[in-house]
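Beneath this line is the structure, given in structure tokens, with notes to follow.
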2 protein chains.
Amino acid sequence: MTTVATHPGLTIAEAAAASGLSVHTLRYYERDGLMLDPVDRAPSGHRRYTEGDLGWIALVNRLRATGMPVREVRAYADLVRAGDGNEAQRLELLRAHHERVLVEMESVRAHLVAIERKIDVYEGRAASCVEP
Amino acid sequence: MTTVATHPGLTIAEAAAASGLSVHTLRYYERDGLMLDPVDRAPSGHRRYTEGDLGWIALVNRLRATGMPVREVRAYADLVRAGDGNEAQRLELLRAHHERVLVEMESVRAHLVAIERKIDVYEGRAASCVEP
DNA sequence: GCTTGACCTCGAGTGCGCTCGAGGTCGGAG
DNA sequence: CTCCGACCTCGAGCGCACTCGAGGTCAAGC
């Protein structure tokens, strides 16, 4: 069952369009160890992104979008790359991140409520308390 | 009714403790035009923060905590400093920020749900779909 | 055979938001 | 009078996450 030359894969421009990242950022992520493996290359040396690459990038995007630092995404990628046996560590990393995001969201929500009150003041829907 | 030498005001260290910012950051904010006015000084030249200053800093903290860029906080401070007549602009700025924060929170929430699903996979509470 | 354009590498540059350090002043305690 | 600690200014430095540019390769189309 030698799967020879299935799909050629996406060019970096296509991968950029698909992921919402810039080609610069895609190369940067790879350089910086955020990808699981170096991306495949065409004989020309051009990158060819697989569906698996895109799936991984989507996860990286989710982690980044929720504020995980690049270095921590790299740590996660390192764990996955290391293969089986560290699932507990991966889980711990994700759970810690999850918890931090929840705390941060609650903080933002609370601050936002205070800002809403100030908006109400400007709209004349409430009495100003002290400051402008 | 000449209010002579009421309270002396807080030192920068006290203001830092009260606001949660560092003394460096307090000076930086002032330098950068985020304060409504230059902070009062003792005869020694040392800063003396009033209750009003602290209230304003609290607002700045709320704006920053919800992700408003420093330059936009400055723009808001500029408006307030300019005095009456631009309430509509201030309101618009706050509302635009409010809207952005809501959109961002929703995005984070959605990404977080996807991450939760991945956590479930690691906990064996769900079947893995495709990627690690 | 030449041009064009998409890609490559490597290293430097950018914008943001602080953060730090050197060198100096000031006021009160000993 | 001296020392100390808290403060001052000014300018540089830092960490992060990209972002850009110079200089080069390669393959396809004219």
Side-chain angles (χ1 to χ4, degrees), chain A residues 5 8-35 37-50 53 57 59-77 97 100 104 107-108 111, chain B residues 5 8-35 37-50 53 57 59-77 97 100 104 107-108 111:
Chain A
L10 301 174
T11 67
I12 195 168
E14 288 161 345
S19 66
L21 298 173
S22 71
V23 297
H24 289 299
T25 303
L26 283 173
R27 285 193 280 248
Y28 159 63
Y29 278 3
E30 187 177 343
R31 239 193 296 171
D32 232 44
L34 271 63
M35 298 301 290
D37 300 293
V39 174
D40 289 346
R41 300 299 176 115
S44 62
H46 293 194
R47 288 176 179 80
R48 290 294 177 258
Y49 289 80
T50 65
D53 290 330
I57 292 167
L59 172 59
V60 170
N61 271 341
R62 285 194 283 271
L63 295 174
R64 293 286 305 119
T66 50
M68 183 183 284
V70 163
R71 102 187 69 83
E72 201 167 331
V73 178
R74 178 168 48 242
Y76 185 74
H97 177 61
R100 281 197 310 268
E104 172 67 13
S107 157
V108 168
H111 285 300
Chain B
L10 300 174
T11 66
I12 195 169
E14 289 162 344
S19 66
L21 298 174
S22 71
V23 297
H24 289 299
T25 303
L26 284 173
R27 286 193 281 248
Y28 160 63
Y29 278 3
E30 187 178 343
R31 241 192 295 171
D32 232 43
L34 271 62
M35 297 302 289
D37 301 293
V39 174
D40 291 344
R41 300 298 176 117
S44 61
H46 291 195
R47 288 174 178 81
R48 290 295 176 259
Y49 289 81
T50 65
D53 290 330
I57 292 167
L59 173 58
V60 171
N61 271 341
R62 285 194 282 270
L63 296 174
R64 293 288 302 119
T66 49
M68 183 182 285
V70 162
R71 101 186 71 83
E72 202 167 330
V73 177
R74 178 167 48 241
Y76 184 75
H97 176 61
R100 281 197 310 266
E104 171 67 14
S107 157
V108 168
H111 284 302

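Below, chains carry the letters A, B, ... as their sequence lines are ordered, and counting in each starts from 1.
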Candidate nucleotides [options], ranked by approach to the side chain of [X] - the nearest:
| X | options | answer |
| --- | --- | --- |
| A/R41 | C/dC8, D/dT19, D/dC26 | C/dC8 |
| B/R31 | D/dA12, C/dG17, D/dC20 | D/dA12 |
| A/T25 | D/dT19, D/dA17, C/dG17 | D/dT19 |

Whole-Å distance between [N] [atom2] and [X] [atom1]?
| X | N | atom1 | atom2 | result |
| --- | --- | --- | --- | --- |
| B/L21 | C/dT19 | CG | P | 9 Å |
| A/R74 | D/dA17 | CZ | P | 9 Å |
| B/E30 | C/dG17 | CD | C1' | 17 Å |
| B/D32 | C/dT19 | CG | P | 14 Å |
| B/R71 | C/dC18 | CZ | C1' | 15 Å |
| A/H24 | C/dT14 | NE2 | C1' | 13 Å |
| A/E72 | D/dA17 | CD | P | 10 Å |
| A/I57 | D/dC18 | CD1 | C1' | 16 Å |

**Prompt:** At under 4.0 Å between heavy atoms, what does A/P43 touch on the DNA or RNA strands: base, sugar-phosphate, or nothing?
**Reply:** nothing
**Message:** Any side-chain to backbone donor/acceptor pair from B/D40 onto B/T50? Under 3.5 Å, distance only.
**Reply:**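 Pair absent, no side-chain N/O of B/D40 close to backbone of B/T50.
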**Prompt:** If only atom types and distance count, is the side chain of A/D32 paired as donor or acceptor with the main-chain N or O of A/R74 below 3.5 Å?
**Reply:**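 Side chain of A/D32 to backbone of A/R74: no pair is present.
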**Message:** Is there a side-chain contact between B/R64 and the phosphate of C/dC18, meaning an N or O under 4.0 Å from OP1 or OP2?
**Reply:**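 Yes, because at least one side-chain N or O of B/R64 sits under 4.0 Å from OP1 or OP2 of C/dC18.
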**Asked** Side-chain N or O of B/Y29 less than 4.0 angstrom from OP1 or OP2 on C/dC18?
**Response**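 Looking at the OP1 and OP2 atoms of C/dC18, one of them is under 4.0 Å from a side-chain N or O of B/Y29.
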Pairwise side-chain contact, [X] with [Y], heavy-atom cut-off 4.5 Å (strictly under):
| X | Y | value |
| --- | --- | --- |
| B/R62 | B/T66 | no |
| A/Y49 | A/I57 | yes |
| B/R48 | B/R41 | no |
| A/L63 | B/H111 | no |

**Item:** A/H46 side chain to A/T11 side chain, donor-acceptor N/O pair below 3.5 angstrom
**Value:**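 No pair is found: no donor N or O on one side chain lies under 3.5 Å from an acceptor on the other.
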Would you tabulate the pairs of protein nitrogen or oxygen atoms and nucleotide nitrogen or oxygen atoms of nucleotides 3-7 of chain D closer than 3.5 angstrom?
unit_1, atom_1, unit_2, atom_2, d
D/dC7, OP1, B/T11, OG1, 3.2

